[in-house]
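We use all heavy atoms of the structure for the numbers below, so side chains are in, but hydrogens, waters and symmetry mates are not.
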Amino acid sequence: MTFTNKAAQEMRTRAALMVDRSLRDLRMGTFHSFGAQLLREEAPCAGRDRTFTIYDQDDSEKLMKEVLKSLNMDLKKIPPRAVLSRIESAKHEVLGPDDMESVTGWEMKELAPRAYKLYEALLRKNNAFDFGDLIMHSVILLENDEGARKRWSERFQHVMVDEYQDIDVAQYRILRCLAGEGENMFVVGDPDQSIYAWRGADVRNILEFQKDFPGAAIYRLEKNYRSYGNILKVADAVIHHNRKRLDKKLVAVREDGPKIAVLEAYTDREEAEEIAERARSQIWLDKGTRGQGDGERKAEI
């Protein structure tokens, strides 16, 4: 399991080269592609026909516009995307319309559950799922249908998950269903790189892995082959202040390299302009070192 089709394809290519044989029986893909296949096979149990459509963001927004118009809402004051964002947050936690209080701000407290119910009714009527449904309905099916859970957990001898620090509650619950007795799960991740809380990622999933899977072994990969030593020292000094993390000490294979420069800016635009200017100056400096004149340097830039 991974998060992008590109990463999944790269893993498939590398694995095929390593074993030098067909990987027809090996499944590599995103959580969403897994959910889509599961729901295709189990569609009647999920309340859809196997020919269901998967709605993208534009499709979902068009549907939400219909919902808000039916509720006599002003689309300028209540943008469809804002309501969809609340519903998406709920689906990350496998919450239905009646359970939305924990993810809904006061301005959406009454509207979001009503819109959610109508939105789901239209999806069902149109024989469609949105992206969030591919995960949430997979969870609901696996947790509530013992036969389906048994079929799918027995299908995989081993389960490996990439970027485990970025999974959300719904994705975690899928993995729990697939893990069986819990001895066939291997995950790779770094809690210090968990930056997607805004889209539902819950760093507790990796921090509590040993609690969830007793007896699990931890292998710390502490050698860094990419960054200069000074970069690692600064990064380690910053992240060390995090209260919830798995302790590790990164060791640079490369030398310390240049000292770190700190840039203070008042706005993101000012920051971007200053970085671009510094990069431009460095290019001029590098090319000047190779004996090129100012006119030539400016022309190339």
Side-chain angles (χ1 to χ4, degrees), residues 1 3-5 30-40 42-43 45-49 51-144 163 165-174 194-205 268:
M1 296 281 204
F3 284 88
T4 68
N5 290 321
T30 65
F31 280 93
H32 289 90
S33 66
F34 171 81
Q37 179 161 7
L38 184 150
L39 293 173
R40 291 280 183 208
E42 309 284 349
C45 300
R48 301 290 194 277
D49 185 271
T51 60
F52 65 78
T53 302
I54 299 174
Y55 277 12
D56 61 16
Q57 185 69 28
D58 289 339
D59 296 324
S60 295
E61 285 190 31
K62 288 177 184 176
L63 199 64
M64 183 53 68
K65 283 182 181 178
E66 291 183 36
V67 169
L68 295 179
K69 286 179 180 178
S70 72
L71 294 173
N72 297 317
M73 294 294 166
D74 185 342
L75 299 185
K76 293 182 180 178
K77 294 182 179 179
I78 307 289
R81 181 168 293 191
V83 184
L84 282 172
S85 177
R86 300 303 193 282
I87 293 174
E88 181 182 356
S89 295
K91 290 184 177 183
H92 283 312
E93 299 187 35
V94 198
L95 298 176
D98 297 328
D99 307 308
M100 288 193 69
E101 287 190 12
S102 63
V103 293
T104 303
W106 65 269
E107 77 280 6
M108 293 281 185
K109 194 174 183 67
E110 295 183 2
L111 172 62
R114 294 167 61 203
Y116 192 172
K117 285 182 181 179
L118 292 174
Y119 176 72
E120 287 299 299
L122 286 177
L123 282 173
R124 187 179 293 272
K125 178 183 176 182
N126 296 346
N127 192 35
F129 286 121
D130 66 13
F131 280 134
D133 287 333
L134 298 179
I135 306 296
M136 187 176 82
H137 281 276
S138 294
V139 172
I140 293 171
L141 180 64
L142 291 172
E143 289 184 346
N144 293 285
E163 304 290 1
Q165 76 277 355
D166 291 331
I167 69 170
D168 60 30
V169 170
Q171 291 161 342
Y172 167 78
R173 286 166 66 173
I174 284 180
S194 182
I195 59 173
Y196 292 107
W198 56 273
R199 69 177 188 196
D202 190 338
V203 73
R204 289 176 299 178
N205 290 321
D268 55 348

Audit row: Arg114, Leu71, side chain to side chain contact (heavy atoms under 4.5 Å, CB included) steps and yes/no: CA-CA 9 Å; Arg114 294 167 61 203; Leu71 294 173; 3.4 Å; yes

Heavy atoms of Ser194 and Asp166 approach each other most closely as CA-OD1, 4.0 Å

Here the pair of heavy atoms bringing Leu111 nearest to Ile78 is CD2-CG2, 3.5 Å

So CD of Gln165 and CG of Asp202: to nearest 0.5 Å the spacing works out to 12.0 Å

Output for pair (Ile140 CD1, Arg173 CZ), nearest 0.5 Å, gives 8.0 Å

Ser138 and Gly35 have their tightest heavy-atom pair at OG-CA, 3.4 Å

Exercise for the section: Would you check, one step at a time, whether the test side-chain hydrogen bond (donor to acceptor under 3.5 Å, both in side chains) holds for Asp130 with Tyr119? Expected result: CA-CA 10 Å; Asp130 66 13; Tyr119 176 72; 2.8 Å; yes

Below 4.0 angstrom, N of the basic side chain to O of the carboxylate: do Lys91 and Glu120 qualify? yes

* Are Phe129 and Tyr55 an aromatic pair by the rule of ring centers under 6.0 Å? -> no

Interatomic distance, CG@Asp58 vs CG@Asp56, rounded to 0.5 Å, equals 5.0 Å

Would you say the side chain of Asn126 lies within less than 4.5 Å of the side chain of Leu63, judging by non-hydrogen atoms? yes

- Should the pair Phe131 and His32 be assigned to parallel (<30°), tilted (30 to 60°) or perpendicular (>60°) ring geometry? perpendicular

Within the side chain of Asn144, is there an N or O that forms a donor-acceptor pair under 3.5 Å with the backbone of Leu141?
-> no

Criterion side chain to side chain contact (heavy atoms under 4.5 Å, CB included) on Asn5 and Thr30, from CA distance to verdict
CA-CA 6 Å; Asn5 290 321; Thr30 65; 3.5 Å; yes

The reported gap from CD1 in Ile174 to CZ in Phe34 (rounded to nearest 0.5 angstrom) is 6.0 Å

Begin with the C-alpha distance, continue with both residues' side-chain angles, and end with the deciding distance and a verdict on side chain to side chain contact (heavy atoms under 4.5 Å, CB included) for Glu61 and Leu84. CA-CA 7 Å; Glu61 285 190 31; Leu84 282 172; 3.6 Å; yes

Interatomic distance, CG@Leu122 vs OG@Ser60, rounded to 0.5 Å, equals 11.5 Å

Q: Check whether any side-chain heavy atom of Asp168 sits under 4.5 Å from a side-chain heavy atom of Glu93, and report yes or no.
A: no

In short, Pro97 meets Pro113 closest at the heavy-atom pair O-CB, 3.3 Å

Which of Leu118, Thr53, Asp59, Asp133 passes side chain to side chain contact (heavy atoms under 4.5 Å, CB included) with Leu123? It is Asp133

When every non-hydrogen atom of Val139 is compared with those of Ala170, the smallest separation belongs to CG2-O, 3.1 Å

- prompt: Are the charged groups of Asp74 and Lys76 less than 4.0 angstrom apart, N to O?
  reply: no

**Prompt:** Would you say Met73 and Val67 make side-chain contact, with heavy atoms under 4.5 Å?
**Reply:** no

Shortest non-hydrogen pair, Ala46 vs Leu39, comes out as CB-CD2, 3.8 Å

Arg48 backbone acceptor or donor facing Asn127 side chain under 3.5 Å:
no

Between Arg86 and Tyr116, is there a side-chain heavy-atom distance shorter than 4.5 Å? no

- Query: So do Leu75 and Leu68 actually touch side chain to side chain, heavy atoms under 4.5 Å?
  - Reply: yes

Rounded to the nearest 0.5 angstrom, the CG-CE distance for Leu95 and Met136 is 8.5 Å

Next item on the list: Kindly determine whether Phe3 and Gln171 satisfy side chain to side chain contact (heavy atoms under 4.5 Å, CB included), including the steps that lead there.
Entry: CA-CA 11 Å; Phe3 284 88; Gln171 291 161 342; 3.8 Å; yes

Does CZ in Arg81 sit with more than 12 non-hydrogen atoms of other residues, nucleotides or ligands closer than 6.0 Å? no

